[in-house]
Colleague: 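Dropping a structure here in C-alpha cells format, bear with me for questions.
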2 protein chains.
Amino acid sequence: MSLLDAAAQVLRCYGADCTDLTVTELVTRLGMPKSNASRLLRAMRDAGLLENVGASKRYRPGLLLVDAARVYLRASSLIARADAMLARIVADCGHTGHIALREGREVTAITDHPGTKALRVASSIGTLLAAFASATGRSLLARLPEAEVRALYAAGFAPPSPSAPQDMADLLRRLEEVRRRAYATANDEASRGIGAVAVAIVDPRDGQAVSLCIAYPAATTDAAERRSLLAALLDGAAEIAALVGDATHAVRPRAG
Amino acid sequence: MSLLDAAAQVLRCYGADCTDLTVTELVTRLGMPKSNASRLLRAMRDAGLLENVGASKRYRPGLLLVDAARVYLRASSLIARADAMLARIVADCGHTGHIALREGREVTAITDHPGTKALRVASSIGTLLAAFASATGRSLLARLPEAEVRALYAAGFAPPSPSAPQDMADLLRRLEEVRRRAYATANDEASRGIGAVAVAIVDPRDGQAVSLCIAYPAATTDAAERRSLLAALLDGAAEIAALVGDATHAVRPRAG
DNA sequence: TGGACGGTTTCACGAAACGGAACGTTGGTT
DNA sequence: AACCAACGTTCCGTTTCGTGAAACCGTCCA
C-alpha cells in the first residue's frame, strides 16, 4: 500500500459516523502500526489534507478538500440534472430522495432531499452501503457487464439481511431483473421498515453513473403509491437519459 | 516536498477556475518535472483522490473527497451558525454575502448567498484572494497576534491595487483599526467597483475563525445603506459570538 | 509510586520517488 | 508516405523516504 493509498484510506473513514480521528482509532480501523498512523496523520495535517481539532490530538478533514469536492459535484452536469429532477419528484410525492454513486463495492449518497410527510426516511448522506444489498447499488451494478460484477465480488460477500442477495447467482438473477425493468427495489434490506426504489442513468460521454432513489416507510406506503412514485422516477430518469444520451431508458418499460 | 504535499498542491489547483487538469497543465502550474507529474496524477487516480474524465487524459477530483469535505463543513457548528445568520442578513439587505476562511496567506469563500438586488456581486466561491488585500482576510488577520502576522508575511507582499495595504507597516496599522472597530472594509480592492464589509468570529474552543462578509456595488450603495448593513452584520456576529464564547464582540463598538 | 494508555521518536534497511532521457502515440502538414 | 510537434509514459541509476519494531515521553488513575 502506497502512501497515497494510505492517505485515501484515512479520508474514506470520514462520513456520517466519523467526524474526527485519533492515532488509536486509525490503528483500530485500518490495522496500521501505531507509529505509521501517528506519522501519517501528522504528514496529512502538515500537507493540509487534515487539521487538528483545536489543540487536541484529534484530526478532521482539512479545508482544502472543500473546493476540490465542490469541483467534483459541479463538473458533473449529470449529477446536477439528476438532483434537480429528484427534487421535483420529492416535492410531488413527499418521500425522501437521494442521488447515489458507486465507489467499488459500496454506494454513497451525495445529495439528499428530505421528504415532507410526517413519517419519512432520515438522511443517508455520508453513509456507505453495500452496493449488492441496496436498491441504488443494484441499479448501478446492473449497468455493468456480468464479468465485471463477478470480478468485483470475486471474494464473495456476506448478506446483511435475509432479503438481500444470498450468493452470486441470486445477485446476478436480480441484476438481470433490474436490467429488464430498468429499476431496482429494496425492502427491509439495508434498513428495517424502509422500502426503496432506484433508477440508474449513465452518461455515455464520460461513463459516469448515478442512481436516483426514493425511500419510503414500508408500512404506510401502499401499492398504488409505490406505483405512482416509481412512474415519476422512471419518467424523470427517461427525461434526463434523453438529454445525456443514455439509450437504456429510450423505451420505458411499464412499471409493474 | 513530500508526496503528500505534492498531492495536496494538486488538489489546491481545483476551484472555480480549474475543474480538471492534464500532465502538461500540472507541469506549468507547479513547475514539476513531466515524468513526476504523470506518475503523481496516476498514483492519485489509483488511490481515488482523482479520477479521469471519461477515457481522456484529464484528471478531476475523485468522489472520496465529497464525504470528507462534507464532514469538514458539518463538524463546524460555527460555520453552520454563521452561515444561517448571514442568510438572514442577505435576505434583509439584498446584497451578496459569503462566509470565508483563511488558509495561510489566502482566504476562500466556502458558502455563498446571492443577493436579490438587480445589481449584485457575483459568487466568489472557489476563488482564492490574498488575505491582506481583502476585507474578509483582514478581519481574520486582525485576530492573530502581530508577531504571527509578521511571520506570515515574512517574505513581504505585492499590493494588487493602490487601495490595498502597501507594506507591512500599512497592513499592521489597518489591522489595528480592524481590532478597534471589530470589522474590516474594502473598496475597489480585490475587485473593481465592489465594496465589502467583513466581521470575524473565533470559536475559542477549537480556535476556528470565520469571517462573515457582505459585498455590494460601491456606486449604488450610499453611506446610510452601508451603515445599515454593517450594523446588521455586527449585531449578527455579536449574537453568534455570545453563543460560542468569543469575547471580542461582547461590547459592540458603535458602527461608524 | 507503578502501571496503563495514547502518542512520538529512533533506527537500519528496503521500498519508493526522483529527474533526465528515451520511447510511444496522436494529429497535423507537406 | 514521411516528417514534425506535442503530450504522455516508461526506463534507469541514484537518492530520499517510509517501514515496523522498540524505546521513549507525558498524562492519568488506583
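Quick note on labels: first sequence line is chain A, next is B, and so on, each numbered from 1. The figures here come from the full heavy-atom set of this structure, side chains too, leaving out hydrogens, waters and symmetry mates.
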Colleague: Strictly below 4.0 Å: does B:Arg42 bring a side-chain N or O up to OP1 or OP2 of D:dG8?
Modeller: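 Checking D:dG8 against B:Arg42, no side-chain N or O comes under 4.0 Å of OP1 or OP2.
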
Colleague: Pairs under 3.5 angstrom, nitrogen or oxygen only, protein versus nucleotides 20-24 of chain C, please.
Modeller:
unit_1, atom_1, unit_2, atom_2, d
C:dG20, O6, B:Ser35, OG, 3.0

Colleague: Please list, chain by chain and in numerical order, all residues satisfying side-chain contact (heavy atoms from CB on, under 4.5 Å) with A:Ala198, sequence neighbours excluded.
Modeller: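 side-chain contact (heavy atoms from CB on, under 4.5 Å) list for A:Ala198, sorted by chain: A:Ala135, A:Thr136, A:Ser139, A:Ser211, A:Cys213.
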
Colleague: With rounding to the nearest 0.5 angstrom, report the OG1 to NE2 distance, B:Thr108 to B:His98.
Modeller: 8.5 Å

Colleague: Supply the atom-to-atom distance A:Leu30 CG to A:Arg12 CZ, rounded to the nearest 0.5 angstrom.
Modeller: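 That separation rounds to 10.5 Å.
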
Colleague: Please give, in whole Å, the distance from D:dC7 C1' to B:Asp20 CG?
Modeller: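 From B:Asp20 CG to D:dC7 C1': 15 Å.
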
Colleague: Contacts to DNA chain C from residues 2-12 of chain B, heavy-atom cutoff under 4.0 Å, which residues?
Modeller: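 The answer is B:Leu3.
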
Colleague: I'd like to check the side-chain hydrogen bond (donor to acceptor under 3.5 Å, both in side chains) partners of B:Glu106; sequence neighbours left out, ordered by chain and number.
Modeller: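 B:Glu106 satisfies side-chain hydrogen bond (donor to acceptor under 3.5 Å, both in side chains) with no other residue.
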
Colleague: With sequence neighbours excluded, tell me which residues meet side-chain contact (heavy atoms from CB on, under 4.5 Å) with A:Leu175.
Modeller: A:Arg138, A:Leu141, A:Ala142, A:Val149, A:Leu171, A:Arg179

Colleague: If the condition is side-chain hydrogen bond (donor to acceptor under 3.5 Å, both in side chains), which residues does A:Arg150 pass it with, not counting sequence neighbours?
Modeller: A:Glu146

Colleague: Side-chain atoms of residues 37-48 of chain B: list all donor-acceptor pairs with protein atoms under 3.5 Å, sequence neighbours left out, distances to 0.1 Å.
Modeller:
unit_1, atom_1, unit_2, atom_2, d
B:Arg39, NH2, B:Asn36, OD1, 2.9
B:Arg45, NH1, B:Asn52, OD1, 3.0

Colleague: Which residues pass the side-chain contact (heavy atoms from CB on, under 4.5 Å) test with A:Ala82, sequence neighbours left out?
Modeller: A:Ile99, A:Val210, A:Leu212, A:Ile240

Colleague: Short of 4.0 Å, heavy atom to strand atom, which residues of residues 22-31 of chain B count as contacting DNA chain D?
Modeller: B:Thr22, B:Val23, B:Thr24

Colleague: In whole Å, I'd like the distance from the CG atom of A:Leu40 to the P atom of C:dG7.
Modeller: 14 Å

Colleague: If the condition is ring pair (Phe, Tyr, Trp, His ring centres under 6.0 Å), which residues does A:Phe132 pass it with, not counting sequence neighbours?
Modeller: A:Tyr153, A:Phe157

Colleague: Could you check how far NZ of A:Lys57 sits from C1' of C:dC5, rounded to whole Å?
Modeller: 12 Å

Colleague: Which residue pairs pass the salt bridge (Lys or Arg N to Asp or Glu O under 4.0 Å) test with at least one member in residues 24-38 of chain A, sequence neighbours excluded?
Modeller: A:Glu25-A:Arg58

Colleague: Please state how far atom CG in A:Asp46 lies from atom C1' in C:dT8, giving the value in whole angstrom units.
Modeller: 14 Å

Colleague: Output all residues satisfying side-chain hydrogen bond (donor to acceptor under 3.5 Å, both in side chains) with B:Asp167, sequence neighbours left out; order by chain, then residue number.
Modeller: none

